[in-house]
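As structure tokens, the structure follows; a few thoughts come after it.
Letters A, B, ... are given to chains in the order of the sequence lines, protein chains preceding strands, and every chain is numbered from 1.
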Amino acid sequence: NAGVTQTPKFQVLKTGQSMTLQCAQDMNHEYMSWYRQDPGMGLRLIHYSVGAGITDQGEVPNGYNVSRSTTEDFPLRLLSAAPSQTSVYFCASSRNRDYEQYFGPGTRLTVT
Amino acid sequence: QQPVQSPQAVILREGEDAVINCSSSKALYSVHWYRQKHGEAPVFLMILLKGGEQKGHEKISASFNEKKQQSSLYLTASQLSYSGTYFCGTRTGANNLFFGTGTRLTVIP
């Protein structure tokens with residue numbers, strides 16, 4: 001099992017550019033989520049999904065879109081990058097909200 | 001809805017014990033504990049559910065006081081590998097998980 005994979009590992013964007021962070025899991029987990037981690041802020045939930053075709057907003061959803069067309073994939077789209085979106089992004093999956101979450105290795109994004 | 005963790009940082013010598021606390025201003029349904037080493041992803045330690053159920057690693061010990069809306073993580077006979085930042089996440093009812101800002105634990109020889 002590869003677990004949770006994320007691409008790319010590093011990305012630099014200019015303000016206003018858009019991009020998609022990829023996330024995939026091979027554990028047949030229904031629950032997937034995206035977090036951002038900033039220094040001193042802990043992990044903050046951006047969007048989550050409880051199954052294919054179902055997504056919802058988390059704590060800090062503005063500026064991000066998600067979709068879940070398959071159980072395996074949960075991409076995160078930045079619509080128009082801003083310097084405030086400079087952060088480390090983690091994707092995670094689990095059986096449901098109250099089971100162990102498996103985190104991907106993270107994507108370090110810098111917006112200039 | 002973010003829980004409050006204490007202490008913010010702690011330094012231990014190998015073999016010493018530590019307690020990390022997590023408290024919420026709202027009634028808790030579950031508390032989740034993760035450890036993150038520098039530059040790595042968070043790794044699951046334990047989940048404590050309302051009603052007493054616990055899921056996690058056998059070597060990790062934690063408590064959940066529903067009345068006080070608090071949880072504590074107990075690290076005994078610490079090893080160098082215990083170093084990292086510990087995060088608690090709390091869920092209140094049907095809401096999602098909100099993580100605290102972390103407790104940085106450093107174990108020295």
Note each donor-acceptor pair with a separation under 3.5 Å, taking one atom from chain B and one from chain A.
from: S30(B); atom 1: OG; to: D98(A); atom 2: OD1; distance (Å): 2.7
from: H32(B); atom 1: NE2; to: D98(A); atom 2: OD1; distance (Å): 3.0
from: Y34(B); atom 1: OH; to: Q101(A); atom 2: N; distance (Å): 2.8
from: Q36(B); atom 1: OE1; to: Q37(A); atom 2: NE2; distance (Å): 2.8
from: Q36(B); atom 1: NE2; to: Q37(A); atom 2: OE1; distance (Å): 3.0
from: K55(B); atom 1: NZ; to: D98(A); atom 2: O; distance (Å): 2.6
from: R91(B); atom 1: NE; to: D98(A); atom 2: OD1; distance (Å): 3.3
from: R91(B); atom 1: NE; to: D98(A); atom 2: OD2; distance (Å): 3.3
from: R91(B); atom 1: NH2; to: D98(A); atom 2: OD2; distance (Å): 2.3
from: A94(B); atom 1: O; to: R97(A); atom 2: NH1; distance (Å): 3.4
from: N96(B); atom 1: OD1; to: Y31(A); atom 2: OH; distance (Å): 3.2
from: N96(B); atom 1: OD1; to: R97(A); atom 2: NH1; distance (Å): 2.6

Are [X] and [Y] grouped together when hydrophobic residues (ILVMFWY) are joined by side-chain heavy atoms under 4.5 angstrom apart?
X       : Y       : value
M32(A)  : F98(B)  : no
V10(B)  : F87(B)  : no
F74(A)  : V4(A)   : no
L109(A) : V60(A)  : yes
L80(B)  : L105(B) : yes

> Under a 4.5 Å heavy-atom cut-off, does chain B meet the side chain of L43(A), its backbone, both or neither?
Replying inline: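 Looking at L43(A), backbone and side chain both touch chain B.
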>> Which heavy atom of G104(A) sits nearest to which heavy atom of A41(B), and what is that distance?
In response: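 Minimum heavy-atom contact is O-CB, 3.1 Å.
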> Do other residues, nucleotides or ligands put more than 12 heavy atoms under 6.0 Å from the CD1 atom of I108(B)?
Replying inline: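 Atom CD1 in I108(B) is packed in, count exceeds 12.
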